[in-house]
Each structure stands twice: as C-alpha cells, then as structure tokens.
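Here is the structure we will look at.
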Amino acid sequence: CKRDVNGVGMLYDLLRSPWLQALLKVKVTFSCKGKDFLEKKISSGIATPFCLLRTVVELLREAPQSGEIKELRRLLRSPHLKALLTAHDTVAQKDFEPTLPPLPDNIPENEEAMRIVCLVKNKQPLGATIKRHEITGDITVARVIHGGLADRSGLLYAGDKLVEVNGVPVEGLEPEQVINILALSEGTIMFKLIPVSDRPVSNQTTLYVRAMADYWPLQDPAIPCADAGLPFKKGEILQIVDQNDAFWWQARKVSDLGACAGLIPSNHLLKRKQREFWWSQPFQPHFCLKSSICDNSLPVWLVWFLLLVLLPLAAGFRRSMRLCRRKSRANRHSCHAQCSGSCYSVLAAPYEEVVRYQRHPTDRNRLIILVGPAGVGVNELRRRLITSCPQQFRSAVPHTTRVQKSYEMNGREYHYVSKETFENMVYTHRMLEYGEYKGYLYGTSVDAVRTVLAEGKICVIDLEPQGIQVARTHELKPYIIFIKPPSISCMRQSRKNARIITDYYVNIKFKEEDLQEMEESAKKMEAQFGQFFDQVIVNDDLQEASAQLLLAVHRAQDEPQWVPALWICSDTQP
Ligand SMILES: Nc1ncnc2c1ncn2[C@@H]1O[C@H](COP(=O)(O)OP(=O)(O)OP(=O)(O)O)[C@@H](O)[C@H]1O
C-alpha cells in the first residue's frame, strides 16, 4: 500500500512491533498461569499490591526472557518500588504502631470546645512547655518548640488549656506536677484540652544572628525549661524561628538546621540581664586587655600601645612588641582612664543580625585582618602570603611621625607626617590602630587600606584585637582570621629553632614563659573577641598554616559568608 490513506500500514506496523507482541505474550502467560492463582489470593484478601508484585515477578521469571521482560523484572524487583508498595500496604491496612487507645465514652456535652490529642512519646522530649495562667490559674501550653514532637503532630498550640493528662485532671495542680505526670508516662500520652480561641498567626520572617556571648541553659535558673534550651558559643550563627515570646525566642544553629529548635534568651532579656549584672558589680576601673602596656605619661587616647617599626624591605611589617610589653608589665602600669569606645562592652548587643554575603567579582576585595598573640607567627604568615603573590596581596603602608631615613621613600616604608597631622587623623577616626614607640607615633590608617583595595589587590593587615570593631565597617567588610598557638608541647617542638624579634637588633630563642604567655594571651583574646573571628588557624606546622591562610583568604573573597546585616542593608551605616 503506497499511500496509507486509511492507516492500514500504521496498523500493520503496530501489530508487528516487538514491544506489542511482548506485551501480548505477558498477557497470555498471565491469563493462563496466573489468573487462578491471583484470583485465589484476591479472594483470600491477601492480594496486596506488594503480593501482586511478587507474583508478577514470579510469572515473569517463567516467561520467555526478552529484553522488555528483563527490564520489567528489574524494575519490579528494585528496592525503591518494593519499599513504596510496602509503605502503601502498611498505610492501607492501617497497620500503625502502637495501637492508640479508644476515645473515652464520657465526652462532655460541650465536646465542640474540647479536643483529645494522643501523642506517642518516643525518646524525644515532647517539645512543648506549660505554664499557669496568672489570672485564671489554668494550666496552658506556653509554647510549642519548632520541629519538636508536639509541633510535628500539628495538634498542640500555645494557649491551649489542659484539662486532663492521661486521664488525670490537672485542675489545681502545679505545672511541675503536670510535668511529673508527663515524665512518668511512657508510650501514648492522651491530652484532653480546650483549644485556644484565637491561634496566633505566625507571620515572622526567619532571622539569622551571630551570638556575641556564650549561653549555657543548664546554668540559667531563669529559663522556663532547661532541657528545651539551646546552648551556644559566641560567634555561632543562629537561625531565629520564633520571637512570639518577648523573653524566650526559639532558634536553631545553622550548622544543624535539621535539629529541633531550642529556647534562647531574647535580645531584650539578655540586655536586661547584662544591665543587672553590670550594676551588681562593685565599681572598678575598666581595664583594657592591653592596659598593662599603657604608659601613664601618654595622653588618654593612646591607651593602646602599639609599636610599628618596619623590617627594612617589607613595608608594613611591624616589629615585635614583646620586649616593650615585658618592661611595661614589670613596671605594672595600668590604664585607669577610659577605654576606647571600640572595646567590647558587656552592654553591647548580645546578638548581631547577619546575612549571607557573596562578594561580586567586580566589588572591591574584602580586607583581611590577622589577629593573634605576640610571637604566634602573625607576621611570618602574612609575609609568606604576600611574598607568595605580591601582585595579588599587599599590606597597608603605615603612618609615622618619626623622621624619614636617607634610604627610605615617603609612601613606601611609611607615610611621614607631623605629630599634628597624626593626632588629627586619630581624632577624626582615620586610624585603625596607633601607638607610640620611642617618642614617635605609628599607626595604620583607613586611607592606607583603601589605597590597596582601590588598586584591586587584597589588603592583608595584622591588628591588635581592640582595633577589630573600628575596622568592621560596611566599606572594608573585613574577614578576621585568628592565628592560634598550638599546645605548649607542640610549640616546644615547632619553635625549637624559631627566634623572637625582641628589639631591632636582638633575636632570642623562645623560652618556656614565652610559650605560656602566648597560650594565656590567646585564651584571653578568644574569650574577649572570639565572636568576631571568621576563621581560626592553628599555627603549628608553618607550611600547613600558610596553606590554610591562602585558602581562607580566597574563600573570604569568593565564597558566601555571614556578615553583619548592616553592611549589606545600608550604604550609610557603619
Ligand atoms: N609555625 C611555626 N613554626 C616555627 N616557627 C614559627 C612558626 N610560626 C612563626 N614562627 C617563628 O616565630 C617567630 C615569631 O614569629 P612572628 O614574628 O611572625 O610573630 P608575631 O606573631 O608577628 O609576633 P610579634 O608581634 O611579637 O612580632 C619568627 O621567628 C617566626 O619565623
């Protein structure tokens, strides 16, 4: 048939197609051999889809083994399909475990207003807290923890009034007694309750914050339920999922978003506690971390004593402050004047709102700040990073009031400025840090950092931790890396041949007390400023630490990071 006017050719092709023939063969085999068998099973009530699947697989085994039959057998025998059908059968047969008790007969007349909720308690906590209503004395559900058992059931809501728990009326009971009943119950717990009339509509958006302090619920007598608390450490990023309660929020750690939420004190509550703690302390002058190195003869604004003396060839590499610090400690100078406004104060915000930020390739690079105790190797790591790729990495050229030497060039080793100009830069907040050495002022300015960034390079500076707050601006978006010493026993090994630069011409070996001092200083820094560290690198093996630093610096520029929301939401805010 040349012209397939009536579709005869198409029908012919269809009937000759191998797949249709294979299907018909299955059908024939199935009708002859399997029909009786299946009918028997169906009539005996055990022809569940899973049984049918097994039977079909059996039949297919006996059928002629064409490609299609093999394929069908493979599909029917796959574990996913088997699991799906088993789950289907379990649900269809209502084969639930454990069996729930029958509803009580004596349901009151106003049954409309009453709800009976059965929850099966496993090893997880119930995920709800209760309280006594101040006016009515009723026991009500205070809160339902997000992701907990009660929340997942969708049957309990904050504000529901408890009438009975496991058949025991709760009227007149203290919340602790009700909790006791719940704690002693195993398996199914039955609540009889009056649902809250106007369920709060949750229209809150999820908020992310950086914890600026540690929190241990088990040590907090004020928490409504310590077991429901979420412990966290400063610097951890939390996802706030519920702020309905003015005092107790619900949160998860972003490192474990699959977990059930926990209670954390609200911003308001923490601030109140901080204020109470602050006022309960006897008056003490506020000492900075670096107070012991302050010189009384210096003006108040020079409480942060910093030495900046460059290595001859590499601009911006500060000399060790070790010798000077030791001398100052021996003299026990104290700075009892005011601390700089940038010191972390106990009254600072307990949480900092953060957002995920990915630097756009055309944006300026983020400033890299290295922080660490004296002698830990901050300069060594920074020097290695810069020399590994000077076209990409640069340090900021510091300012000084000392006289320029014959071999130096203005803007290369230092920017040489008058004392008045330097002081003016300090007063106008253009210095990230500054200090005095042998009567001259030294400092790293924001302008010097800007210059490097404007060249499209990555600016790497080291900073005393007190300077972190000043540098944390929308413009610089610093990524802060803490260089941490390893254990003293490790340092004894790795620092065997290392030298501390104590003075311009004197290099000495690390002594045991140097290592101890380094460890102590690192602990203090972490305790006071750990919340600002984006990354911690332990400098044990120098090669390894250098490689980690390089990786971290690239990650800071190219991968999304949590940064203060203020840096992103506003162009005018710090
Ligand atoms: N991981 C390490 N293993 C061995 N030696 C190291 C290591 N890290 C640094 N050093 C050496 O320790 C000495 C002190 O390092 P560096 O000068 O970089 O310290 P720093 O943190 O900048 O302290 P300071 O501010 O006091 O100068 C240097 O001789 C350096 O080469």
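Numbering of residues begins at 1 and proceeds along the displayed sequence. Each ligand, and each atom within it, is numbered from 1 in the order the structure gives.
Note: an N/O pair closer than 3.5 Å links G377 and ligand 1 by distance alone. Among the atoms of D541, none of the N or O lies under 3.5 angstrom from an N or O of ligand 1.
Close contacts between ligand 1 and E380 involve ligand atoms 18 (O), 30 (C), 31 (O) [criterion: under 4.0 Å to a heavy atom]. Proximity to L542 (heavy-atom distance under 4.0 Å) selects the following atoms of ligand 1: 1 (N), 2 (C), 7 (C), 8 (N). Interface of S494 with ligand 1, defined as ligand atoms under 4.0 Å from a residue heavy atom, comprises 3 (N), 4 (C), 5 (N). Each of the atoms 1 (N), 2 (C), 3 (N) of ligand 1 lies under 4.0 Å from some heavy atom of D540. Listed by number with element, the atoms of ligand 1 under 4.0 Å from a non-hydrogen atom of A374 are 23 (O), 26 (O). Taking a cut-off of under 4.0 Å to the non-hydrogen atoms of A498, the atoms of ligand 1 that pass are 5 (N), 11 (C), 12 (O).
Counting heavy-atom neighbours within 6.0 Å of Q543 CD, excluding the residue itself, gives a total of 12 or less. Heavy-atom neighbours of H554 NE2 from other residues, nucleotides or ligands within 6.0 Å: above the threshold of 12. Environment of OH in Y440: sparse, with no more than 12 heavy atoms of neighbouring residues, nucleotides or ligands closer than 6.0 Å. Under a cut-off of 6.0 angstrom, the local environment of NZ in K484 is sparse, with at most 12 non-hydrogen atoms contributed by other residues, nucleotides or ligands.
Cation-pi check for R210 over W562 is not met; the charged atom does not lie both under 6.0 angstrom from the ring centroid and within 45 degrees of its normal. Judged by a 6.0 Å distance limit and a 45° cone about the ring axis, K457 is not positioned over the six-membered ring of F393.
Between H268 and F247, the ring centre distance stays below 6.0 Å.
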| field | Q239 and Y208: CA distance, side-chain angles, deciding distance, side-chain hydrogen bond (donor to acceptor under 3.5 Å, both in side chains) verdict | value | CA-CA 5 Å; Q239 181 195 46; Y208 293 90; 3.1 Å; yes
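Residue contact annotation: G375 has a non-hydrogen atom under 4.0 Å from ligand 1. Within the 4.0 Å heavy-atom shell around ligand 1 one does not find G372.
With a heavy-atom cut-off of 4.0 Å, P373 touches ligand 1 through its backbone alone. With a heavy-atom cut-off of 4.0 Å, N497 does not touch ligand 1 at all.
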